Enquirer: 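After the structure tokens below, expect a handful of questions from me.
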Number of protein chains: 2
Amino acid sequence: MSEAKTRTTREGDVRHEVIYRAVSDAIIEHRLKPGARLREDALAEVFGVSRTGIRKILQRLALEQLVTLTPRRGASVTRPSAEEARDVFAARQLIECSLMVDAAKRITSEDIEALRKMAQEERQALKSGDQSLAIRLSAAFHLRLAQLAGNATLAEFVERLCSRSSLILAVYGHRGHLGCESHDHDDLIGYLEAGNGERAKAFMSRHLKAIEASLSMVEEDNAIPDLQQIFASD
Amino acid sequence: MSEAKTRTTREGDVRHEVIYRAVSDAIIEHRLKPGARLREDALAEVFGVSRTGIRKILQRLALEQLVTLTPRRGASVTRPSAEEARDVFAARQLIECSLMVDAAKRITSEDIEALRKMAQEERQALKSGDQSLAIRLSAAFHLRLAQLAGNATLAEFVERLCSRSSLILAVYGHRGHLGCESHDHDDLIGYLEAGNGERAKAFMSRHLKAIEASLSMVEEDNAIPDLQQIFASD
DNA sequence: GGTTTTTTTGTTGTATACAGTGTAGACACT
DNA sequence: AGTGTCTACACTGTATACAACAAAAAAACC
């Protein structure tokens with residue numbers, strides 16, 4: 001570590017971003033399962049930084065509701081409740097559908113090309129069985145779509161909602177049945193390309209409803225924490 | 001302060017919340033003007049805590065976009081651009097109007113009573129010329145309204161939007177012409193009490209449009225570049 | 001006199017040390 | 001055996017010290 005002191009703080013900034021991404025992706029891809037504890041010491045050692053930096057990242061993730069920060073117990077990956085899942089999808093239904101109208105008006109040919117590429121990558125991931133990657137790519141697709149409408153604030157909301165949706169999918173989704181059907185996104189691109197905003201809006205609505213319907217809202221069968229859930233239900 | 005060392009960390013938690021509120025309110029009420037620098041040292045001394053706690057609060061405020069955190073320059077109160085203002089009001093138009101329908105279905109008599117009380121307080125503040133307080137109460141009213149719809153996620157979005165709106169109003173609003181007309185909120189309660197969601201929705205739309213229209217979207221006179229322009233007047 | 005370089009100061013970024021709290025294991029008692 | 005209590009450990013919360021960097025001020029140079 002003797003030469004490590006020459007690292008500038010500017011490098012430290014991007015490193016924080018990298019660590020944030022790493023943790024965030026791990027959660028979204030379900031490599032870190034809901035309920036998993038995230039100890040500051042452990043993370044600090046893994047990434048070779050001090051706890052200070054880790055805390056900052058943990059707090060950011062907590063505000064995005066990807067991790068839960070209980071007062072003196074530390075951080076753990078959030079386990080979204082069924083109610084939260086319902087709220088999130090209701091919010092997506094409202095916001096994303098509405099954005100399709102503006103998106104159809106403003107979309108350019110470059111956008112279409114980029115979207116098609118993303119959809120293809122996603123299909124590829126699905127075909128090769130990489131479910132984690134597919135979930136993340138799907139979220140990225142929806143976000144990109146939302147950004148087309150030109151409202152940065154709403155796009156940010158969609159980003160948050162997509163992250164949480166990924167978590168929800170990882171918890172309540174069936175193994176063999178991923179949220180987004182493989183051809184759905186391509187169809188959506190088609191409607192947007194044709195400038196048919198209303199059609200895209202209706203399709204997005206069905207699309208989101210289909211994802212939500214594919215969830216099995218049964219509480220996880222946690223052999224051990226069964227008791228906890230029963231008595232911690234209020 | 002000799003026995004201050006007996007303060008538990010649990011007390012520290014609520015203290016942080018208090019400090020957060022204090023800073024947040026100060027920004028929302030325009031006692032801290034956009035562009036004002038927020039030095040960690042100064043805040044730490046004012047509130048009697050270390051910089052560590054201040055940093056946490058500052059980062060939270062930054063994620064809520066009330067303060068801007070430039071890499072090595074520190075924190076300052078965010079100066080919302082005209083574009084951001086447009087985006088925020090478009091988002092409010094979409095979300096808050098839509099929520100009125102659900103709110104009308106779920107509202108109870110206790111809710112109505114609480115809302116009337118809030119509206120009255122707001123009118124009082126307006127009458128007594130306390131513009132800062134009125135802005136904050138107005139935001140609280142809109143938030144309370146959003147919470148009625150029963151979607152915690154969307155309510156949280158509305159909270160964020162209202163905070164930012166307060167900031168926008170503080171920057172672009174005219175002095176004598178506050179955003180919310182005094183009787184608007186009472187009218188809205190009436191529609192909700194009657195269970196007329198569609199009417200409430202339409203009224204909310206007009207209400208928000210009126211607020212936005214009352215803004216003067218002239219770009220602020222940036223003191224520093226002003227000089228350059230003045231002396232480059234050859 | 002104006003411009004560039006150097007120094008100084010002020011402020012944030014990071015790490016580490018310490019204090020306080022939650023948790024679990026051991027031991028004693030019923 | 002089962003339960004209550006005590007003690008040791010693990011972890012987080014907070015403060016402080018130090019290092020890095022940016023801006024402003026001063027000095028030197030043209």
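Keep in mind that this is a model prediction, so the values were computed, not measured.
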Enquirer: Which nucleotide sits closest to the side chain of Arg37(A): dC11(D), dA15(D), dT12(C)?
Expert: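 Within the option list, the nearest is dC11(D).
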Enquirer: Taking CD1 from Ile57(B) and P from dG13(D), how many angstroms apart are they, rounded to a whole number?
Expert: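 So the CD1-P distance, Ile57(B) to dG13(D), works out to 14 Å.
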Enquirer: By nearest nucleotide on DNA chain C, pick out whichever of Thr52(B) and Asp41(B) is the more 5' one.
Expert: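 Upstream on the strand: Asp41(B).
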Enquirer: Tell me the interatomic distance from Leu58(A), atom CG, to dC11(D), atom C1', rounded to whole angstroms.
Expert: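 Between C1' of dC11(D) and CG of Leu58(A): 13 Å.
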Enquirer: Of all the heavy-atom pairs spanning Ser76(B) and Gly35(B), show the shortest one and how long it is.
Expert: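 Shortest heavy-atom contact: CB-O, 4.0 Å.
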Enquirer: Where do Leu143(A) and Ala155(A) come nearest, in terms of heavy atoms and distance?
Expert: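 Distance-wise, the nearest heavy atoms are CD1-O, 3.6 Å.
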Enquirer: For the helix from dG1(C)-dC30(D) to dT30(C)-dA1(D), measure the angle between the helix axis at one end and the axis at the other, each built from five pairs, rounding to 10°.
Expert: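 Here the helix ends are tilted 0° relative to one another.
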Enquirer: Has Arg55(B) got a side-chain N or O lying under 4.0 Å from the OP1 or OP2 atom of dG13(C)?
Expert: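 The answer is yes; a side-chain N or O of Arg55(B) sits under 4.0 Å from OP1 or OP2.
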Enquirer: dG13(D) base to Arg51(A) side chain: any donor-acceptor pair below 3.5 Å?
Expert: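 Yes, the side chain and the base share a sub-3.5 Å donor-acceptor pair.
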Enquirer: Might you work through the side-chain hydrogen bond (donor to acceptor under 3.5 Å, both in side chains) test for Arg164(A) and Gln65(A), ending with a clear yes or no?
Expert: CA-CA 7 Å; Arg164(A) 293 179 71 185; Gln65(A) 297 183 279; 2.9 Å; yes
Enquirer: Roughly, in whole Å, what's the span from CG in Leu43(A) to P in dC11(D)?
Expert: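 Going from CG in Leu43(A) over to P in dC11(D) covers 12 Å.
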Enquirer: Please determine whether a side-chain nitrogen of the Lys or Arg among Glu40(A) and Arg51(A) lies less than 4.0 Å from a carboxylate oxygen of the Asp or Glu.
Expert: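 Salt bridge flag = yes for Arg51(A) with Glu40(A).
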Enquirer: What salt bridge (charged side-chain N to carboxylate O under 4.0 Å, His left out) pairs are there with at least one residue in residues 138-154 of chain A, not counting sequence neighbours?
Expert: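 Applying salt bridge (charged side-chain N to carboxylate O under 4.0 Å, His left out) to every pair that reaches into residues 138-154 of chain A, excluding sequence neighbours, yields nothing.
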Enquirer: Taking only the side-chain nitrogens and oxygens of Lys56(A), find out if one of them lies under 4.0 Å from OP1 or OP2 of dG13(C).
Expert: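 Indeed not, no polar side-chain atom of Lys56(A) lies that close.
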Enquirer: Closest to the Arg72(B) side chain: dA15(C), dA15(D), dG13(C)?
Expert: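 The closest nucleotide is dG13(C).
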Enquirer: Quickly work out the Phe47(A) CZ to dT14(C) P distance and round it to whole Å.
Expert: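 For the pair Phe47(A) CZ and dT14(C) P, the rounded distance is 16 Å.
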Enquirer: Rounded off to whole Å, could you give me the CD1-to-C1' distance for the Ile54(B) and dT16(D) pair?
Expert: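 My rounded result for the distance is 15 Å.
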Enquirer: The criterion is ring pair (Phe, Tyr, Trp, His ring centres under 6.0 Å); which residues satisfy it with Phe89(B), sequence neighbours excluded?
Expert: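 By the ring pair (Phe, Tyr, Trp, His ring centres under 6.0 Å) rule, Phe89(B) matches no residue at all.
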Enquirer: Under the side chain to side chain donor-acceptor pair (under 3.5 Å) test, which residues partner Glu84(B), sequence neighbours left out?
Expert: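 Scan of Glu84(B) (side chain to side chain donor-acceptor pair (under 3.5 Å), adjacent residues dropped) gives none.
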Enquirer: Dump every N/O contact between nucleotides 5-10 of chain D and the protein below 3.5 Å, one line per pair.
Expert:
none

Enquirer: State whether Arg73(A) places a side-chain N or O below 4.0 Å from either non-bridging phosphate oxygen (OP1 or OP2) of dC11(D).
Expert: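 No, because none of the side-chain N or O atoms of Arg73(A) sits under 4.0 Å from OP1 or OP2 of dC11(D).
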Enquirer: Which pairs, with at least one residue in residues 87-97 of chain B and sequence neighbours excluded, count as a salt bridge (charged side-chain N to carboxylate O under 4.0 Å, His left out)?
Expert: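 The answer is Arg92(B)-Glu96(B).
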Enquirer: Would you mind reading off the distance between Leu69(A) atom CG and dG22(C) atom P, rounded to a whole angstrom?
Expert: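 Checked: the CG to P distance equals 15 Å.
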Enquirer: Looking only at side-chain N and O atoms, does His16(A) come under 4.0 Å of OP1 or OP2 in dT14(C)?
Expert: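 Yes, within the criterion.
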Enquirer: For the residue pair Arg60(A) and Tyr20(A), would you count it as a cation-pi contact if the rule is NZ or CZ under 6.0 angstrom from the ring centre and within 45 degrees of the ring axis?
Expert: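 Yes, Arg60(A) sits over the ring of Tyr20(A).
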